[in-house]
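Within every chain, numbering begins at 1; the chains are lettered A, B, ... in the order of the sequence lines, protein sequences first and strands thereafter.
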Amino acid sequence: MAQPKYTTHHGMVDILPEEVRKWQFLENLIREEAEKFNFEEIRTPIMEQTELIVRGLGQMTDIVSKEIFTFSRGDDNYVLRPELTAPVVRAFVEHRLDQRGGSQKLYYIGPMFRAERPQKGRQRQFHQFGVEIMGSSDAVADVEVIAFMIHICNKLGITNTTLKLNSIGDPESREVYKQALKAHLKPDYDKLSDVSKKRYEKNPLRILDSKEEEDRPFIETAPVITNYLSEKSVSHYNKVKDYLGDLGISFTEDPYLVRGMDYYTETAFELISPDLGAQDALAGGGRYDLLVEEIGGLPTPAVGFAAGMERLFIACEELGIELGDGKKVDVYIVTLGDAARKWGLAQLSKFRDKGISATMDYMGRSMKAQMKDANRENARFAIIVGDNELNEGKFTFRDMKESKEEALSFEEIMEIIQM
RNA sequence: GAGCCCGUAGCUCAGUAGGUUAGAGCGCCAGGUUGUGGCCCUGGAGGCCGGGGGUUCAAGUCCCCUCGGGCUCCCCA
């Protein structure tokens, strides 16, 4: 096919009507279930101040250093939001949501932007939903967040996932661990893979995540972060595991699980699916007890997660799960001649006023073509109108599924459809 | 930023060792049924074979460049 003159930007996709049905289904599900958990929706702008994202996620993170879309206008620096935790925290601080009392339970759905090379389960504009609980340091909050994440997957029918769990403690103990890890790797530095060498100074924790075969022996013998946690961190982590057990949520402890944003503390988790290909994380999250203060608010512990909506669709697809219904309409008015056409147009609003969906042909086509169209639109009923019907006040009312029809007055037709 | 694979109708794809006006199925439009869908039959529209250059008497088919897409590494949802 000749390439069209105008196309979407690289990594950005149109969502066409058939697909939108799935999206609406998922969005509705998320909203319904979030309400059951007593989360409230929050919506923030697509663009934020660049400084917020840089400070929030960390200057050295991959997202900030190479994946954000930024531009400026006058003195203002804009960034297309790459995630929503930092913006939600910004809103929390800006509007003093802490003053509403108690802990704040928020959820969100919307597009995010990262300038990466697209591949399966990865786009430059993609969609996430997620929740944030702000103000509680209790392990109950961690577990509710995780429970909601799993709950949505279960509702969709995605049950073959693995919950990976870890605690990365507080910054102080993490720093101690980092030094211990580097000390462990130093003698064998030359044998490490190239990527791991680069990470050695920049972000040694990520070496634990390495998929390179040559790093294996050194990772296996490496010290484990769990042994470097403070008493408080250990206690918190144990409670999380305990409560998860009470809820019957199984998990796999992964002491090598390290997440990408600097703001994470204590609990870290990921939900992995075997159906996603290389990008196997359906959702991920954790605690960020220091972020609110970092952004200028009062010290406020918080925990949250984000899930990739496109990835949920991929998982559903692989599992053969169909989301949403096909298109359909209650009534299709088939008209013959100008008078019938005029009449049909006027009746449409009468149906719609009663909550009945109705449509008709806009192209002045033959009756056969209109019937074909009614079939394609999945109409439940067709009303056929010509001069005869108009004169007699009786219309041909056809049940498309049953292939039965009879002559009825408009009032009788209304009555039947409303049943 | 690096690597691998792929670009023929709206969609899924055929196109023989390079050789006359480029094909199929589905979809779309119309007719077969002078006022009736889903099945069937017939016909039609729709392709500068992603674009440019080269080799050749001849290129969808071979070579180079370029654009676009997919997947992978890195990293993340």
Side-chain angles (χ1 to χ4, degrees), chain A residues 1-11 13 16 18 57 60-68 82-85 109-130 149 193-196 198-199 202-203 206 209-212 257-261 269-273 276-285 304-315 332 334-337 340 361 363 365-389 395-405:
Chain A
M1 139 193 60
Q3 282 160 28
K5 185 170 178 184
Y6 300 110
T7 60
T8 58
H9 268 124
H10 193 48
V13 304
L16 303 177
E18 301 79 45
L57 309 204
M60 294 311 293
T61 58
D62 283 294
I63 291 180
V64 167
S65 64
K66 57 185 198 193
E67 295 171 6
I68 49 177
E83 58 96 69
L84 221 48
T85 298
I109 303 177
M112 311 294 159
F113 305 84
R114 293 182 197 173
E116 303 178 276
R117 278 286 279 271
Q119 66 188 68
K120 186 176 185 184
R122 167 180 289 167
Q123 298 166 188
R124 291 188 158 195
Q125 176 176 341
F126 62 104
H127 299 75
Q128 291 185 333
F129 77 91
M149 180 174 84
S193 64
D194 290 342
V195 269
S196 290
K198 273 183 224 156
R199 288 162 168 171
K202 207 180 100 184
N203 193 350
R206 291 227 63 101
D209 225 12
S210 173
K211 288 156 193 153
E212 304 294 329
L257 175 66
V258 181
R259 299 195 41 78
M261 270 73 85
F269 55 88
E270 263 178 26
L271 195 65
I272 306 301
S273 161
L276 296 182
Q279 311 307 321
D280 63 354
L282 269 180
F305 83 87
M309 295 172 73
E310 282 84 357
R311 291 186 184 180
L312 286 175
F313 289 132
I314 292 173
Y332 191 109
V334 174
T335 65
L336 296 150
D361 169 64
M363 307 208 297
R365 295 191 288 184
S366 70
M367 176 171 181
K368 179 175 175 146
Q370 292 185 57
M371 288 301 292
K372 201 174 172 186
D373 198 35
N375 187 58
R376 184 170 30 219
E377 296 297 321
N378 240 312
R380 194 153 68 97
F381 301 109
I383 296 174
I384 300 163
V385 196
D387 292 337
N388 300 341
E389 285 82 354
F395 305 91
T396 306
F397 180 66
R398 183 177 180 84
D399 184 317
M400 297 294 283
K401 296 280 177 301
E402 304 297 322
S403 296
K404 284 181 191 154
E405 61 188 40

Next on the checklist: Can you measure His9(A) atom NE2 to G69(B) atom P for me and round it to whole angstrom units?
Outcome noted: 10 Å

Checklist entry - When you compare G60(B) with G47(B), how far apart are their C1' atoms, in angstrom units rounded to a whole number? => result 11 Å

Checklist entry - Do Gln123(A) and A77(B) share a donor-acceptor pair, side chain to base, under 3.5 Å? => result no

Next on the checklist: If you go through the side-chain atoms of Asp373(A), does one of them form a donor-acceptor pair with the base of G37(B) closer than 3.5 Å?
Outcome noted: no

Checklist entry - With distance as the sole criterion, do the side chain of Lys401(A) and the base of G37(B) form a donor-acceptor contact below 3.5 Å? => result no

Checklist outcome for this item: Winner on side-chain proximity to Met400(A), out of C74(B), A30(B), G37(B), is G37(B)

Item to check | From G37(B), G35(B), G69(B), nucleotide with atom closest to Leu336(A) side chain | outcome: G35(B)

Checklist entry - Does a distance-only test, which skips hydrogens and angles, find a donor-acceptor pair under 3.5 Å between the side chain of Arg117(A) and the base of G3(B)? => result yes

Checklist entry - Quick one: do Asp399(A) and Arg380(A) make a salt bridge, cutoff under 4.0 Å? => result no

Checklist entry - So what does the secondary structure string of RNA chain B come out as, 5' to 3', with Watson-Crick or wobble pairs under 3.5 angstrom, [ ] for crossing and | for pairs with another strand? => result (((((((..((((.....[...)))).(((((.......))))).....(((((..]....))))))))))))....

Next on the checklist: Quick check for you: among C71(B), A77(B), C29(B), whose closest atom lies nearest to any side-chain atom of Gln128(A)?
Outcome noted: A77(B)

Item to check | Whole angstrom value for the distance that separates C1' of G27(B) from CD of Glu377(A) | outcome: 15 Å

Checklist entry - OP1, OP2 of G27(B) versus side-chain N and O of Arg376(A): anything below 4.0 Å? => result no

Checklist entry - What about Gln119(A), does its side chain sit under 3.5 Å from the base of G69(B) through a donor-acceptor pair? => result no

Checklist entry - Do Ser403(A) side-chain and G37(B) base share a donor-acceptor contact under 3.5 Å? => result yes

Item to check | Sidechain-backbone polar pair: Gln370(A) side chain, Thr335(A) backbone, donor-acceptor under 3.5 Å | outcome: yes

Checklist entry - Given the rule in the side-chain contact (heavy atoms from CB on, under 4.5 Å) test, do Met371(A) and Val334(A) qualify, once you have shown the distances and angles that lead to the verdict? => result CA-CA 7 Å; Met371(A) 288 301 292; Val334(A) 174; 3.9 Å; yes

Checklist outcome for this item: Per atom distances to the Asn388(A) side chain, the nearest of A77(B), G35(B), C71(B) is G35(B)

Item to check | Options U72(B), G35(B), G37(B), nucleotide nearest the side-chain atoms of Lys368(A) | outcome: G37(B)

Checklist entry - What nucleotide among C74(B), U72(B), G37(B) has an atom nearest to a side-chain atom of Lys372(A)? => result G37(B)

Checklist outcome for this item: Which of G38(B), C74(B), U36(B) is nearest the side chain of Met371(A)? It is U36(B)

Item to check | No-H, no-angle donor-acceptor pair, Gln370(A) side chain to U36(B) base, under 3.5 Å | outcome: no

Checklist entry - If you measure from the P atom in G44(B) to the same atom in G69(B), how many Å do you get, rounded? => result 37 Å

Item to check | Shortest side-chain distance from His10(A), nucleotide among A77(B), G69(B), C71(B) | outcome: G69(B)

Checklist entry - Should the pair Glu116(A)-Arg124(A) be classified as a salt bridge under the 4.0 Å nitrogen-to-oxygen rule? => result no

Checklist entry - For Asn375(A), which contact category applies under a 4.0 Å heavy-atom criterion: base, sugar-phosphate, or nothing? => result base

